[in-house]
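Following: one structure in structure tokens, then a few remarks.
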Amino acid sequence: MIELRHDVAGDLVTVHVPETTEDLAEFWKWLYRARERGPVAIDTETTGLDVFSPVFRLRTVQFGDASDAWVILYERGGYHASYARDALIRLRGILIHNASFDWLVLGQSAGISLEDLAPWTTDTRILAALCDPRQPQEGGTGTALKPLSAKWVDPAAPDTQGGLTKVFNSLGFTKETGWAGIPLTNPTFLLYAGLDVVLTARLAPMLRRELARLDVRPELVTYEHEIARLCAVMQRTGLLVDQDYAAPLARRLAEEAEKHGAIAARYGVTSVGSPAQVAEALAAMGEPLTDRTNAGALKVDKHVLLPLADLDRDWQRIGARTPNPLAYAVLRAKRAAKWGGTYAERFMTKLSAAGRLHATISPLAARTGRMSVTDGLHQLPSSDHVIRRAILAEPGHVMVSTDFQAVEMRVLAALAKVRRMTEGFVNGGDEFDIHAYTAKLIKGGKATPRDRKVFKGAGFGKVYGGGIQTIARQTGATEAEIAQAVAAYDRAFPEIKRASSRWQRQAYQNGMVFISATGRRLPLDRDRSYAVVNYACQSAARDVLGQAMLNIEAAGLLEYCRLPIHDELLASVPKREAADIAREIERCMTMDLYGVPIVAHAEIGGRSWGSLYGADY
DNA sequence: TATGCAACA
DNA sequence: TATAATGTTGCATAG
């Protein structure tokens, strides 16, 4: 038995590493006593984060409580692996920091499914996010184990990740290669592996107490664990990538980026990714640049370059001037590099052995509770089908995308009790257009499509908390026109302003934290308290999506789900049953929110995701 | 690491 | 009283 000791909050804790079967028997004895006393914290160390890659391996499984940690050398196989597995399936109270990862690891590498583990799991990261959802950059503690431990357990809690990076470097590994390369019995590796479970075990009761002190509803905690499980199931399923399409696409886009990069070089721009170079060269060509970034540099983003290239927002010729060839080359080179590098190329490099992409779905990522997804799957270009064309439904399946209809406007109507908006949603039926309704409400029968556009801008302005200037910029209308429209909007829906003031006042009285309809804590920035309207809407929309996901599981349709995208659920469904399943998904996403109907519309595509964006396959 | 940019809801 | 655009992931560059 290897035994290591370390001070945690003034207590000497022991990290035990069984080597012989006698040692493993000791572990077993400890485990039986520990699980009588309460939940047991677990964690895994692996060769990397790419759980579904062919080279991924599980190295250790750790178990622990507040005073002892046991690092089981799973990689040794034999008794080590079977003791770890037997222990895992016997636990009826499990603490994990960021459970999704370990659920998937143990499912993939130890044959213990997340369905076995999830019912017994408390995720300390979820508890932390419900106490304070802000990232460190936003003034919060964040949800990483190290800063949380420093705050709640021991200010001197070791930085196990950072500490290991140093050890990796000293052994000739990098931060990336170290996890796979470090010898299994390296003492620092084992110590830190063990300390992580001790810290998790100590963190849990502190966060529980804090949640109780803050009066966070226990139902919300349960709900978030359910959502985390559903997201993990979708992550485990992954998405099929059309490799025969994506690989040549990545090459073609790389060539295109190179070609336009070479043209830019003729004008002295050796790196199109350097805004300073682009600005200097454009100025030398006599183009007057005026927009500035927050830091004061000249802006050369898409909004600046498109007009210089005589292109509108959809990259169509305007015919107002001679296109600047450098602006055009920079636009083309950057778009091709972005689409090729961030999407097509990345799809290929992140593939599992089965040719699938398992993007990490973080169920509680944003401070509003919104989810986030890695590998760009929330950000694929929607103006063109070329990238989404690379993502496929299963063989014999078609893609079905089901969107909530104007969910943030509906949520706003429901939360702020906006009478006339609610009436519109209630009486409007399935194809109801809130922005056309608003235009007609204000302008009467002579409302034009342009009026609709202006009031749509005003509506988004309300949901986002935007001002006249921004709405004008976004819609392309004049500030005077927008000022008038916003004033009319406020007269038509006076409840919104009143709700905003009320919510801000409530937040002030609660230490600058607004409590959402579901009991979620939404901290406000003191100088941007107006953002409360957006936070309330965004977070309620997230909870509506979460409820829809629970409904979908209850209806037995979870296996078809692939990806949540804020107000949309992407699914792969058998072609023959597509119409029926699509209708069922719509039904699961349809609900009532304080008297406002939340409705969804399913679109049935072809084999690829791109087929829902105009691709013919 | 900070900044700028580009992609989305 | 008037006023404030929200939330992400990921890449390249520059120091």
Side-chain angles (χ1 to χ4, degrees), chain A residues 133-135 137-138 257 261 269-279 291-306 330-331 333-343 345-346 350 359-362 364-384 387-388 401 403-404 406-408 412 457-475 482-483 486-487 490 497 500-501 504 522 524-539 541-542 545 563-569 613:
Chain A
R134 293 171 302 170
Q135 294 304 309
Q137 311 91 287
E138 299 162 337
V269 175
T270 53
S271 300
V272 293
S274 167
Q277 278 187 31
V278 174
D291 284 12
R292 299 258 171 195
T293 66
N294 284 335
L298 283 170
K299 238 182 159 142
V300 283
D301 64 10
K302 219 167 46 168
H303 295 109
V304 173
L305 296 184
L306 280 170
V330 170
L331 282 164
K334 286 180 80 168
R335 168 169 284 202
K338 171 85 178 170
W339 288 19
T342 306
Y343 307 124
E345 179 78 44
R346 197 174 175 81
K350 298 274 277 189
T360 303
I361 305 174
S362 303
L364 264 183
R367 63 187 294 178
T368 54
R370 256 196 180 184
M371 302 175 187
S372 76
V373 172
T374 61
D375 302 324
L377 287 186
H378 267 180
Q379 288 89 11
L380 303 190
S382 56
S383 59
D384 188 299
I387 298 297
R388 290 180 199 243
S401 163
D403 281 64
F404 288 121
V407 67
E408 289 193 327
L412 175 62
F460 278 128
K462 290 295 159 196
V463 171
Y464 290 136
I468 310 274
Q469 271 192 344
T470 325
I471 301 172
R473 198 165 355 104
Q474 292 296 320
T475 54
I482 294 298
V486 169
D490 289 338
K497 274 197 152 182
S500 177
S501 315
Q504 290 182 60
L522 300 171
L524 301 187
D525 297 334
R526 214 158 268 287
D527 52 340
R528 301 189 312 148
S529 59
Y530 62 87
V532 73
V533 175
N534 179 256
Y535 290 3
C537 291
Q538 211 181 88
S539 116
R542 144 62 160 82
L545 178 70
L563 203 64
I565 316 166
H566 306 309
D567 66 346
E568 170 190 356
L569 263 170
Y613 294 79

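Convention: sequence-line order gives letters A, B, ...; per-chain numbering from 1. Computed from a predicted structure; not experimentally measured.
Across the protein-nucleic acid pair, A/Glu138 atom CD and C/dT6 atom C1' stand 11 Å apart, rounded to whole Å. In this entry the distance linking CD1 of A/Ile361 with P of C/dT9 reads 13 Å, nearest Å. Atom CG in A/Leu522 sits about 11 Å away from atom P in C/dG7, given to the nearest Å. Rounded to whole Å, atom P of C/dT8 lies 14 Å from atom CE of A/Met371. Between the C1' atom of C/dT13 and the CD atom of A/Gln277 lies a distance of 9 Å, rounded to the nearest Å. Nucleotide C/dA5 holds its P atom 18 Å from the CG atom of A/Leu412, rounded to whole Å. In this structure, OH of A/Tyr530 is placed 4 Å from P of C/dT6, rounded to the nearest angstrom. For A/Lys350 and C/dT9, the NZ to C1' distance is 11 Å, given to the nearest whole Å.
The base of C/dA5 sits within donor-acceptor range of the side chain of A/Gln474, with an N or O pair under 3.5 Å.
No contact: A/Val533 has no heavy atom under 4.0 Å from any strand. At a threshold of 4.0 angstrom between heavy atoms, the contacts of A/Glu345 with the nucleic acid are absent. Using a 4.0 Å heavy-atom criterion, one finds that A/Asp375 contacts the sugar-phosphate atoms exclusively.
Between A/Ser372 and the phosphate of C/dT8, there is no side-chain N or O to OP1/OP2 separation shorter than 4.0 Å. Here A/Ser274 reaches the OP1 or OP2 of C/dA14: one of its side-chain N or O atoms lies under 4.0 Å away. Distances shown here put a side-chain N or O of A/Arg346 below 4.0 Å from the OP1 or OP2 atom of C/dC11. For C/dG7, the OP1/OP2 oxygens have no side-chain nitrogen or oxygen of A/Thr368 closer than 4.0 Å.
Between A/Cys537 atom SG and A/Glu408 atom CD the span is 6.5 Å, to the nearest 0.5 Å.
Of all nucleotides listed (C/dG10, C/dA5, C/dT6), C/dG10 comes nearest to the side chain of A/Thr342.
Taking the C1' atoms as reference points, C/dA5 lies 16 Å from B/dC8, given to the whole Å.
Side-chain N or O atoms of A/Arg388 include one that pairs as donor or acceptor with a backbone N or O of A/Leu380 at under 3.5 Å.
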**Prompt:** With the sugar-phosphate defined as primed atoms, P, OP1 and OP2, and the base as all remaining atoms, what B/S/- string results for nucleotides 3-9 of chain B, 5' to 3', for protein heavy atoms under 4.0 Å?
**Reply:** SSSBBSB
